[in-house]
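To keep things clear, I will list the structure first and then write my remarks on it.
Here is how names work: the chains are called A, B, and so on, in the same order as the sequence lines, proteins then strands, and each is numbered from 1. Hydrogens, waters and symmetry mates play no part in the numbers below; they use all other heavy atoms, side chains included. Every value quoted in this text rests on a predicted model; they were computed, and no experiment measured them.
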Amino acid sequence: MNLASMTSQLLFLLLLSTGIFFFAKRIGVIRRNIRSGRDWDGSDRKAERWATMARVALGQGKMTARPVAGVMHILIYVGFVIINIEILEILIDGLFGTHRVFAFLGPVYDFLIASFEWLAAGVILACIVFFVRRNGIALARFKSNELKGWPSLDANIILVVEVLLMFAFLSMNAADAIAQSRGLDHYVPAGSFPVSSLLTPLYAGLTNAGLIAVERGMWWFHIAGVLAFLVYVPYSKHFHIILAFPNTYFSNLNPKGQMDNMAAVKKEVDLMMDPQADPYAAAPASEGPPERFGVKDASDLTWKQLLEAYTCTECGRCTSECPANQTGKLLSPRKIMMSTRDRVEEIGKQREAQGGEWKPDGKSLLGDWITEEELWACTSCQACITACPINISPMGIILDMRRSLIMEDSKSPESITSMFNNIENNGAPWAFPAGSRGDWTQEV
Amino acid sequence: MAHRGRSQQGAAAIGPKKYNHTMSSIHIPTMAEMTASGQAPEVLFWVGCAGSFDDRAKRITKAIARILHASETSFAVLGQEESCTGDPAKRAGNEFLYQMQAAQNIATLNGYGIKRIITGCPHCFNMLKNEYPELGGQYEVLHHTQFIRELIETGKLRMSGDQPFKGRRITFHDPCYLGRANGEYLAPREVITKLDAELLEMRRCKQNAMCCGAGGAQMFKEAEPGEREVNHARTDEALETQPEVIATGCPFCNTMMTDGVKNANQESNVEVKDIAELIAEAADLLEAPAP
């Protein structure tokens with residue numbers, strides 16, 4: 001083993017551990033932020049949960065509801081998953097100073113490399129289509145207000161980086177193939193290069209040294225890019241590539257129309273309805289501070305809802321199916337998820353800065369990020385939930401926030417207040433006397 | 001519009017044929033009455049607030065009652081003992097009010113030992129079916145289109161030989177709380193098929209159907225500022241199919257679509273009717289044995 005090889009192995013080890021360190025650190029932060037949410041029990045119906053995850057995340061079951069985006073996404077997804085086998089080889093080569101360590105597989109290796117190349121070409125194609133959809137055709141859901149600035153840039157960075165990484169991968173193969181044909185040291189004949197052979201003319205004129213420089217350069221650029229991507233992803237909407245799996249595992253398995261019955265309210269109602277209850281009895285000593293009704297801030301959400309916020313990849317299918325949004329109202333279900341994520345991130349940062357203890361900062365998700373106008377535009381139609389390719393429920397957060405508006409702040413549009421009064425007084429949302437409820441029976 | 005002439009003709013021909021609304025011949029028993037005489041009905045007809053108080057929705061209620069009567073279904077209503085399920089209160093954020101309503105209704109229903117409920121309102125359907133069980137109210141709950149399908153399948157309800165809707169263009173607007181909320185897309189369509197009508201699907205239907213704009217307590221408030229009303233947008237989608245009838249399965253959708261049709265100045269061409277009304281007009285209700 002020579003010095004150059006050892007240096008390069010050490011450099012590789014350093015690069016790899018740095019990437020993994022920052023990735024793990026960021027995962028720790030996200031994990032802590034998600035776990036700061038309220039309890040939610042997803043320990044039931046395991047078989048059904050695995051099946052849902054397999055169908056929706058692994059099988060991309062809801063993606064093809066929109067055929068163009070769906071097929072392109074599946075191409076990138078399959079490419080990403082399968083090309084990772086190649087990453088394994090790169091890791092071994094980098095750490096042990098080998099070159100194409102799996103070459104001994106012979107025809108199997110040729111097949112693998114050829115399929116990686118086809119997939120890389122597919123990924124490049126899909127990324128270009130996506131880039132054009134976002135920036136050229138400018139589909140409405142990619143031009144909404146909530147995507148201005150960082151979210152749009154984030155999406156474009158990912159697309160450009162993916163193209164660059166795939167280009168580096170193909171260039172590396174092209175240079176390798178030429179080196180193999182020249183019989184250069186280390187470059188054992190291995191692999192089949194159906195796509196990268198198109199790039200051969202780019203590098204065929206290089207000297208041996210130039211060729212090796214290109215091959216090594218692309219190899220390093222590719223792996224360094226992959227590691228940088230690893231660190232970047234958990235800061236990005238792109239984190240769905242990992243969180244889509246737990247998020248779909250913890251999908252809501254109940255009918256979509258079923259809203260939870262608040263246990264705290266049930267306790268009080270039971271007490272009120274109980275003829276044996278002593279109305280003057282002192283309230284039982286409660287453990288800890290009383291829970292707030294509904295959701296005012298991100299800290300009132302369940303961990304599952306926070307997981308959804310981190311999982312959202314801002315595709316906007318929810319918003320484009322939302323009847324309120326379609327008719328020009330302020331509500332955008334995607335923005336509800338994005339605001340939630342922004343706020344939980346902010347709370348997390350403050351908590352960290354204050355040594356693990358979060359002191360309220362006078363701001364809240366409801367009010368400073370999400371307005372009442374947005375909440376009151378929801379028709380609770382569940383189109384957003386149905387449209388989400390990974391079963392996120394923006395509607396759940398919206399309705400939980402209405403609970404806070406009503407039960408904590410008594411804030412509602414006047415007509416809603418009258419509706420409440422009517423139900424309370426007449427048992428109907430309109431001001432008809434309860435006694436006339438059966439009048440229709442006289443007219444049949 | 002190209003279809004105006006034909007549709008007008010269609011609409012004129014459809015009106016109530018067999019039943020005179022002012023004729024009061026059917027006795028609708030209440031649970032209190034039945035219990036007093038030592039009887040128990042097979043099903044409870046949960047009418048809902050819209051069906052009890054709203055003039056347009058009452059016509060749907062009466063159609064359901066006539067179907068139940070003609071099919072010799074043993075049924076009763078709660079009458080004055082029925083109260084709002086709490087859906088609009090809950091979806092507007094008032095969990096207290098909802099749970100008070102639920103507790104009261106469950107006490108009433110359990111007091112009568114109710115097992116099976118049918119209702120014409122998908123919001124009541126969703127509450128009774130999905131949200132009451134945890135609070136102690138466990139019933140088999142059917143939407144009226146599910147029950148009508150059952151009546152037809154078991155031969156208890158027969159379509160008349162002279163089908164008033166034969167070949168008519170009918171489109172069905174999926175109620176969110178029957179469709180997406182509870183996955184029932186088939187029952188209403190299968191019932192419409194029995195009318196020998198031409199069932200037209202809107203561009204967005206079933207799980208992709210657009211909301212009429214009434215749910216989530218929107219029915220009881222002004223819409224938020226925007227470019228247009230949700231029900232107008234949805235009605236446009238329905239009108240694209242060039243229907244003679246827009247069929248609904250929810251009293252709130254019915255109100256919203258009726259308003260949408262008026263807004264589009266199509267009320268002389270297109271009728272908005274609940275599936276129960278269509279069936280009440282098309283089935284052999286009068287030929288059923290007298291009570």
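In this structure the side chain of B:Tyr98 never reaches within 4.5 angstrom of the side chain of A:Val265, judged on heavy atoms. Annotation: side chain of B:Pro88 is in contact with side chain of A:Ile423 (closest heavy-atom distance under 4.5 Å). Two residues are said to be in side-chain contact when any heavy atoms from C-beta on lie closer than 4.5 Å; A:Trp440 and B:Asp55 fail this criterion. A:Thr327 places none of its side-chain heavy atoms less than 4.5 Å from the side chain of B:Glu229.
Proximity to chain B involves both the backbone and the side chain of A:Ala383, based on heavy atoms less than 4.5 angstrom apart. Heavy-atom distances place no part of B:Leu78 under 4.5 Å from chain A, backbone and side chain included. For A:Met401, no part lies near chain B; criterion is any non-hydrogen pair under 4.5 Å. Only the side chain of A:Pro413 comes within contact range of chain B, with heavy atoms under 4.5 Å apart. Proximity to chain A (any heavy atom under 4.5 Å) is restricted, for B:Ala233, to the side chain, taken from C-beta onward. The part of A:Glu268 that comes within reach of chain B is its side chain, from C-beta onward, which places non-hydrogen atoms under 4.5 angstrom from that chain. Looking at B:Arg204, the atoms closer than 4.5 Å to chain A (heavy atoms on both sides) all sit in the side chain, from C-beta outward. Only the backbone of A:Asp260 has a heavy atom closer than 4.5 Å to any heavy atom of chain B. Within the 4.5 angstrom heavy-atom criterion, atoms from both the backbone and the side chain of A:Met262 approach chain B. Proximity to chain B (any heavy atom under 4.5 Å) is restricted, for A:Thr386, to the side chain, taken from C-beta onward. Using a 4.5 Å cut-off between heavy atoms, A:Leu405 does not touch chain B at all. For B:Val230, the parts lying under 4.5 angstrom from a heavy atom of chain A are both the backbone and the side chain.
Ring-plane geometry between B:Phe96 and A:Phe293 is classed as perpendicular, the angle between the planes exceeding 60 degrees on a 0 to 90 degree scale with a lower cut at 30.
A distance-only check finds no donor-acceptor pair linking the side chain of B:Lys58 to the backbone of A:Thr441 [under 3.5 Å]. Between the A:Gln382 side chain and the B:Ala181 main chain, a donor and an acceptor come within less than 3.5 Å of each other. The backbone N or O of A:Glu414 sits nowhere less than 3.5 Å from a side-chain atom of B:Lys221 that would complete a donor-acceptor pair. A:Asn261 places a side-chain N or O within 3.5 Å of a backbone atom of B:Glu131 that can act as its donor or acceptor partner.
Taking a cutoff of 4.0 Å between a charged side-chain nitrogen and a carboxylate oxygen, B:Glu81 and A:Arg437 do not qualify as a salt bridge.
Remark: A:Ser380 OG to B:Gln218 CD distance equals 8.5 Å, nearest 0.5 Å. Between the NZ atom in A:Lys256 and the CG atom in B:Asn130 there is a gap of 12.0 Å [rounded to 0.5 Å]. For the atom pair CG of B:Asn94 and CE of A:Met419, the computed distance is 8.0 Å after rounding to the nearest 0.5 Å. From A:Glu443, atom CD reaches atom CD1 of B:Ile26 across 13.0 Å, with rounding to the nearest 0.5 Å. Annotation: the span from A:Asp439 atom CG to B:Gln80 atom CD amounts to 8.0 Å, rounded to 0.5 Å. Separation of atoms CD (A:Glu424) and CE (B:Met100) is listed at 8.0 Å; rounding is to 0.5 Å.
Of the listed residues (B:Ala102, B:Gly48, B:Gly79, B:Ala89), the one with the most heavy-atom contacts under 4.5 Å to chain A is B:Ala89. Note: A:Met259 leads A:Glu373, A:Met407, A:Met259 in heavy-atom pairs under 4.5 Å with chain B. Of the listed residues (A:Met272, A:Glu374, A:Glu321, A:Gln326), the one with the most heavy-atom contacts under 4.5 Å to chain B is A:Gln326. Ranked by heavy-atom pairs under 4.5 Å with chain A, the list B:Glu82, B:Gln101, B:Gln207 is led by B:Glu82. Most heavy-atom pairs under 4.5 Å with chain A: of the set B:Arg228, B:Gln99, B:Glu227, this distinction falls to B:Gln99. Note on B:Gly86, B:Cys176, B:Ala107, B:Cys84: by heavy-atom pairs under 4.5 Å with chain A, the leading option is B:Cys84. The candidate with the highest count of non-hydrogen atom pairs below 4.5 Å against chain A, out of B:Met210, B:Arg91, B:Glu134, B:His27, is B:Arg91. Interface remark: of the candidates A:Ser412, A:Gly438, A:Cys381, A:Cys381 forms the most heavy-atom pairs closer than 4.5 Å to chain B.
For B:Phe53 against A:Ala428, the heavy-atom pair with the smallest separation is CE1-CB, 3.5 Å.
The side chain to side chain donor-acceptor pair (under 3.5 Å) test with B:Glu95 singles out one residue from A:Arg403, A:Arg402, A:Lys266, and that residue is A:Arg403.
When ring centroids are compared, A:Trp430 and B:Phe220 come within the 6.0 Å threshold.
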